[in-house]
Student: 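The following block contains the structure, expressed as structure tokens.
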Amino acid sequence: MRWWDIDPVLAMERALFPDDAWSRGMFWSELAHARGAGSTRRYVVAESGGEIVGYAGFAAAGTGTEDGPSVVGDVQTIAVSRDHWGTGLGSLLLADLLKYATAFECAEVMLEVRVDNTRAQRLYERFGFEPIGFRRGYYQPGNVDALVMRLTTAPGTDVQGTATHG
């Protein structure tokens, strides 16, 4: 995702999440951390016929510890236009984010998903995310709860569970 993608992404954001859509400033802020040395974000768009039909974002945060790096990733957003639901695009976007979670050396990946968004919950469960709690009233102004999910990795694997070389 680049700055010129923000307007079409905002249009999709408002269509899909009318009550709690991100603002232009939120996307600008995230993209500011997505390029160059020391980047901590990954934002992508999916296009079909020259139009954006999906987007996704990921953030990594953490510091080194005595035992090595302790980095946690967070799936910030995934959205797919309604006319592309059921095509596997959400899976492709999530797989791309998880590839970057491995590159960022994340030991675990967190996310929040609306409790009423069972479609997204099923997607995350297929990738190995497990529910770990709730955030009451997380999505505002609708006061909708968020289900918190986590994907952890075993030593010697990437965040998708594939063996790594070391």
Side-chain angles (χ1 to χ4, degrees), residues 1 9 12-23 26-27 29-31 33-34 39-46 52-65 67-82 84-164:
M1 183 185 299
V9 164
M12 185 183 303
E13 178 83 2
R14 291 178 186 127
L16 293 172
F17 312 112
D19 294 331
D20 48 20
W22 282 23
S23 69
M26 291 171 77
F27 279 108
S29 176
E30 289 296 298
L31 289 179
H33 299 283
S39 67
T40 58
R41 306 291 193 273
R42 167 74 174 167
Y43 277 79
V44 297
V45 294
I52 292 177
V53 295
Y55 56 92
F58 178 83
T63 60
T65 66
D67 298 323
S70 177
V71 180
V72 175
D74 191 74
V75 174
Q76 300 286 295
T77 187
I78 294 182
V80 174
S81 65
R82 286 185 178 89
H84 282 78
W85 284 3
T87 65
L89 181 55
S91 292
L92 290 173
L93 290 168
L94 182 56
D96 182 79
L97 297 184
L98 294 178
K99 178 176 70 174
Y100 277 84
T102 298
F104 284 127
E105 299 181 347
C106 296
E108 62 183 4
V109 177
M110 308 290 291
L111 61 82
E112 295 88 15
V113 59
R114 290 173 62 108
V115 294
D116 58 358
N117 190 345
T118 57
R119 173 185 291 273
Q121 291 171 34
R122 286 191 307 269
L123 168 66
Y124 301 136
E125 288 169 353
R126 285 195 312 268
F127 276 79
F129 283 86
E130 297 177 340
I132 61 168
F134 294 94
R135 291 197 173 150
R136 302 290 177 208
Y138 182 79
Y139 292 98
Q140 295 295 327
N143 200 36
V144 177
D145 295 344
L147 174 64
V148 180
M149 301 182 82
R150 176 177 58 203
L151 175 64
T152 56
T153 60
T157 63
D158 63 21
V159 292
Q160 296 175 26
T162 305
T164 59

Student: Do Glu108 and Leu151 have side chains that get closer than 4.5 Å, going by heavy atoms?
Tutor: no
Student: Between Glu30 and Arg42 (side chain of the first, backbone of the second, donor and acceptor by atom type, cut-off under 3.5 Å), is there such a pair?
Tutor: no
Student: Testing the basics here: between Gln140 and Asp20, what is the closest heavy-atom pair and its distance to 0.1 Å?
Tutor: O-CB, 3.3 Å
Student: I need the minimum non-hydrogen distance between Leu16 and Ala79, along with the two atoms involved.
Tutor: CD1-CB, 3.7 Å
Student: Run the side-chain contact (heavy atoms from CB on, under 4.5 Å) check on Met110 and Val72 step by step: do they pass?
Tutor: CA-CA 7 Å; Met110 308 290 291; Val72 175; 3.8 Å; yes
Student: Just how far is it from atom CG of Leu98 to atom OG of Ser91, taken to the nearest 0.5 Å?
Tutor: 10.5 Å
Student: Using the rule given for side-chain contact (heavy atoms from CB on, under 4.5 Å), can you reason through Met1 versus Val44, listing the C-alpha separation, both sets of side-chain angles and the distance that settles it, and then say yes or no?
Tutor: CA-CA 5 Å; Met1 183 185 299; Val44 297; 5.9 Å; no
Student: Report the distance from atom OG1 of Thr40 to atom CG of Asp74, rounding to the nearest 0.5 Å.
Tutor: 11.5 Å
Student: If we ignore angles and hydrogens, is there a donor and acceptor under 3.5 Å between the side chains of Ser81 and His84?
Tutor: yes
Student: Which heavy atom in Ala56 sits nearest to a heavy atom in Leu97, and how many Å separate them?
Tutor: CB-CD1, 3.8 Å
Student: Classify the angle between the aromatic ring planes of Phe27 and Trp22 as parallel (below 30°), tilted (30 to 60°) or perpendicular (above 60°).
Tutor: tilted
Student: Closer than 4.0 angstrom, basic N to acidic O: yes or no for Arg135 and Glu112?
Tutor: yes
Student: Mind running side-chain contact (heavy atoms from CB on, under 4.5 Å) on Val144 and Tyr138 for me, showing each step along the way?
Tutor: CA-CA 6 Å; Val144 177; Tyr138 182 79; over 6 Å; no
Student: So does Gly137 get a backbone contact from the side chain of Asp145, meaning a donor-acceptor N/O pair under 3.5 Å?
Tutor: yes
Student: Locate the shortest heavy-atom distance separating Cys106 from Phe58; write the atom from each residue and the value.
Tutor: SG-CZ, 3.8 Å
Student: Can you tell me how far CG of Asp19 sits from OH of Tyr139, rounded to the nearest 0.5 angstrom?
Tutor: 12.5 Å
Student: Less than 4.5 Å apart, any side-chain heavy atom of Val80 and any of Val53?
Tutor: no
Student: Rounded to the nearest 0.5 Å, what's the gap from CE on Met12 to CZ on Phe17? Could you check?
Tutor: 9.5 Å
Student: Could you tell me whether the side chain of Val109 reaches within less than 4.5 Å of the side chain of Arg150, counting heavy atoms only?
Tutor: no
Student: Check whether any side-chain heavy atom of His33 sits under 4.5 Å from a side-chain heavy atom of Leu31, and report yes or no.
Tutor: no
Student: For Glu13 and Tyr55, which I'm curious about, is there any donor-acceptor pair between the side chains at under 3.5 Å?
Tutor: yes
Student: Roughly how far apart are Leu123 CG and Asn117 CG, rounded to 0.5 Å?
Tutor: 9.5 Å
Student: Which atoms form the tightest heavy-atom contact between Ala59 and Gln76, and what is the distance?
Tutor: CB-NE2, 3.7 Å
Student: Do Met149 and Glu125 have side chains that get closer than 4.5 Å, going by heavy atoms?
Tutor: yes
Student: How far apart are the closest heavy atoms of Leu147 and Phe134, and which atoms are they?
Tutor: CD1-CE2, 3.7 Å
